[in-house]
Amino acid sequence: MDSYDVPGFATFYDAMVEGLPEEYEAGKDVDFFWAQLQRVLEAQGTARVLDLCTGTGRVVEGLVRHLALRRSSPSDVASPPVLQEQQGWTVALTGVDNSEHMLQVAQDKLQLSTLPAGVSCSWLCSDIANLPPQEDLGGPFDLIILSAGSFHHLLTKQEQLSCLTAIKHLLADHQAAVINLMPSSDLQAQPGTVMLAGGYCRECIDQEREEQPDGGVVWRQQFMLSLDTPPIASQGSAQRGEHEEEQAPRASSSASARQGGQEHGERGKEGQAMSQAAGDTQGTVEEAAGGAWEQEEGWALREVEPDEFRRLLEACGLRVVEQRVAFGNALSNKSEGPGRIFLIAKT
């Protein structure tokens, strides 16, 4: 069983993201994505956004919040004409993840009735290494996001090239995608037990470095996740708890999109090695004595350095528009450098 689909895992995931250290800039990345989206909306009044590895919907939810605030706070707008234009904005958000359980949680967090006027959401179950064609996703897209180091979930060079080639085909002309990488040291787990938000614990019980036939390096880790009391509903729907046990209807294939609730997340990170490996994450779950929740996880992440990433982009017909050191400051460089946040476009 894919551990992302185990009841209770989505709640652990949200607790993990909530407890990220400050250096991971949780929230500041959403502000950066919003700035990119706002530029598109100011230029053309409408936008399509694709969030890959959406998880439980953190990023999509953040973009919806920004849209709602701009609509409800005219005092923040420079002039009445701009306000009038913003009131006519239309935004279609699409979240993609390979876990139907995580998508269901994302959908539950923001129902259709809670979305601002002009905003729509759809959800699609797919692996980012094998994305469906543009017509099935509703593209082309004006902004594509692959956040929280999710690119490291692609464990072979062929998977990396497949994902980037798909992004090129899904991206609208003259628009941009945002992808960020993590330092290789952050892909390695620290021994011992790490305390997370909400009373969750994560213990690394095994880790090995695996060299790939294509020359890459993959870190494989085994964790024991636990909570003293059984996990309850993830943030969002007040009735989420029952969904955890019965699992609501899901998309039957990668071509089935969910319309409605809106929330966009990512595969988050925790301290070191907390980015999870989409498509290579397996686990078992059990209820320990006294009703405590436990789950054993196997995760894998591939090292990717900035120079290597640039070569992959070039091979797929993509180019770096801007390379940043951090989301939350103005530091950037358009040449070679240590930045691991990439704003990219078609060549």
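Residues: numbered from 1 along the sequence shown.
- Tracing side-chain contacts under 4.5 Å through hydrophobic residues (I, L, V, M, F, W, Y), one never reaches Val40 starting from Val30; they form parts of separate clusters.
- In terms of modelled atom types and a separation under 3.5 Å, the side chain of Thr165 and the main chain of Ser162 share no donor-acceptor contact.
- Look at Arg302 and Asp214 and you find a salt bridge, because one of the NZ, NE, NH1 or NH2 atoms lies within 4.0 Å of a carboxylate O, short of that distance.
- Note that CZ of Phe151 and CD1 of Ile128 are 7.5 Å apart. Values are rounded to the nearest 0.5 Å.
- Remark: side-chain polar atoms of Glu294 are not paired, donor with acceptor, to backbone N or O of Ser226 under 3.5 angstrom.
- Taken to the nearest 0.5 Å, the CZ atom of Arg48 stands 10.0 Å off from the OG atom of Ser122.
- Taking the charged nitrogens against the carboxylate oxygens, Glu159 and Lys157 have no contact shorter than 4.0 Å, which rules out a salt bridge.
- Other residues, nucleotides and ligands place no more than 12 heavy atoms under 6.0 Å from the CD atom of Glu211.
- With rounding to the nearest 0.5 angstrom, the CZ atom of Arg202 is 8.5 Å from the CD atom of Gln190.
- Counting only distance, with no hydrogens or angles, the side chain of Lys168 and the backbone of Lys346 share no donor-acceptor pair below 3.5 Å.
- No donor-acceptor distance shorter than 3.5 angstrom exists from the side chain of His169 to the backbone of Ala166, with no hydrogens or angles considered.
- Atoms CG and CG, from Leu37 and Leu67 in turn, are 6.0 Å apart once rounded to the nearest 0.5 Å.
- A salt bridge does not link Glu208 to Arg220: none of the charged nitrogens lies less than 4.0 Å from a carboxylate oxygen.
- Ring pair Phe223/Trp299 is tilted by interplanar angle, where 30° to 60° counts as tilted.
- With hydrogens and angles ignored, the 3.5 Å screen pairs a side-chain donor or acceptor of Asp97 with a backbone N or O of Gly55.
- Ion pair Asp14/Lys109 flagged as a salt bridge, since at least one NZ, NE, NH1 or NH2 atom sits closer than 4.0 Å to an Asp/Glu carboxylate oxygen.
- Phe12 and Ile205 fall into different hydrophobic clusters, where Ile, Leu, Val, Met, Phe, Trp and Tyr side chains are chained together by heavy-atom contacts under 4.5 Å.
- Here the side chain of Asn180 pairs a donor or acceptor atom with the backbone of Gly149 at under 3.5 angstrom.
- For the residue pair Gln222 / Glu296, a side-chain donor-acceptor distance below 3.5 Å is found, with atom types taken as modelled.
- Val64 has its side chain within reach of Leu93: a pair of non-hydrogen atoms, C-beta onward, lies under 4.5 Å apart.
- Residues passing the side chain to side chain donor-acceptor pair (under 3.5 Å) test with Glu308, sequence neighbours excluded: none.
- Under a hydrophobic clustering in which Ile, Leu, Val, Met, Phe, Trp and Tyr are joined whenever their side-chain heavy atoms come within less than 4.5 Å, directly or via other members, Trp219 and Met224 fall into different clusters.
- Judged by distance alone, with hydrogens and angles left aside, the side-chain atoms of Gln323 form no donor-acceptor pair with the main-chain N or O of Val320 at under 3.5 Å.
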Notebook entry, point to check: Between Val321 and Ile344, is a side chain to side chain contact (heavy atoms under 4.5 Å, CB included) present by the stated rule, with each step listed?
Noted result: CA-CA 5 Å; Val321 175; Ile344 63 177; 5.8 Å; no
Margin query: Between Thr56 and His101, is the side chain to side chain contact (heavy atoms under 4.5 Å, CB included) condition met? List the steps.
Written below: CA-CA 9 Å; Thr56 60; His101 177 64; over 6 Å; no
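- Taking both residues in full, the closest heavy atoms of Ile341 and Ala326 are given as CD1-C, 3.4 Å, listed atom of the first, atom of the second, then distance.
- For the pair Val49/Phe141, no side-chain contact is recorded, criterion being any heavy-atom separation below 4.5 Å from C-beta on.
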Notebook entry, point to check: Would Thr11 and Tyr200 satisfy side chain to side chain contact (heavy atoms under 4.5 Å, CB included), going step by step from the backbone distance to the final call?
Noted result: CA-CA 10 Å; Thr11 311; Tyr200 284 92; 3.2 Å; yes
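- Taking the side chain as every heavy atom from C-beta outward, Leu137 and Leu124 approach each other to under 4.5 Å.
- A pairwise comparison of heavy atoms in Cys53 and Leu146 identifies SG-CD1, 4.0 Å as the closest pair.
- Between the CD1 atom in Ile179 and the CG atom in Leu164 there is a gap of 5.5 Å [rounded to 0.5 Å].
- Judged by distance alone, with hydrogens and angles left aside, the side-chain atoms of Thr94 form no donor-acceptor pair with the main-chain N or O of Leu50 at under 3.5 Å.
- Put simply, the side chain of Val96 reaches to within 4.5 Å of the side chain of Leu131, judged on heavy atoms.
- Counting heavy atoms from C-beta on, the side chains of Arg319 and Leu313 never come closer than 4.5 Å.
- The shortest distance between side-chain heavy atoms of Cys201 and Leu225 does not fall below 4.5 Å.
- Leu170 approaches Pro132 most closely through the heavy-atom pair CD2-O, 4.4 Å.
- Using a 4.5 Å heavy-atom cutoff, the side chains of Asp31 and Phe327 are not in contact.
- Smallest separation of non-hydrogen atoms from Val218 and Ala300: CG1-CB, 4.0 Å.
- In this structure, CG on Asp136 lies 9.5 Å from OG on Ser126, to the nearest 0.5 angstrom.
- In terms of heavy-atom proximity, Val304 sits nearest to Arg340 at O-NH1, 3.6 Å.
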Next item on the list: List the steps, then state whether side-chain hydrogen bond (donor to acceptor under 3.5 Å, both in side chains) holds for Gln160 with Gln158.
Entry: CA-CA 5 Å; Gln160 294 172 334; Gln158 185 54 49; over 6 Å; no
Next item on the list: Could you walk me through whether Leu103 and Thr54 pass the side chain to side chain contact (heavy atoms under 4.5 Å, CB included) test, one step at a time?
Entry: CA-CA 8 Å; Leu103 288 173; Thr54 197; 3.6 Å; yes
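- Contacts of Arg39 classified as side chain to side chain donor-acceptor pair (under 3.5 Å), with partners at least two apart in sequence or in another chain: Gln36.
- When every heavy atom of Ala148 is checked against every heavy atom of Met182, the shortest pair comes out as O-SD, 4.1 Å.
- Panel note: side chain Glu305, backbone Asp307; no donor-acceptor pair is recorded below 3.5 Å.
- Comment: Arg310 does not engage Glu314 in a salt bridge, judged by the lack of any side-chain N to carboxylate O separation of less than 4.0 angstrom.
- Judged by distance alone, with hydrogens and angles left aside, the side-chain atoms of Gln221 form a donor-acceptor pair with the main-chain N or O of Leu187 at under 3.5 Å.
- Contact of the Thr156 side chain with the Leu154 side chain is not registered, since no non-hydrogen atoms from C-beta on lie closer than 4.5 Å.
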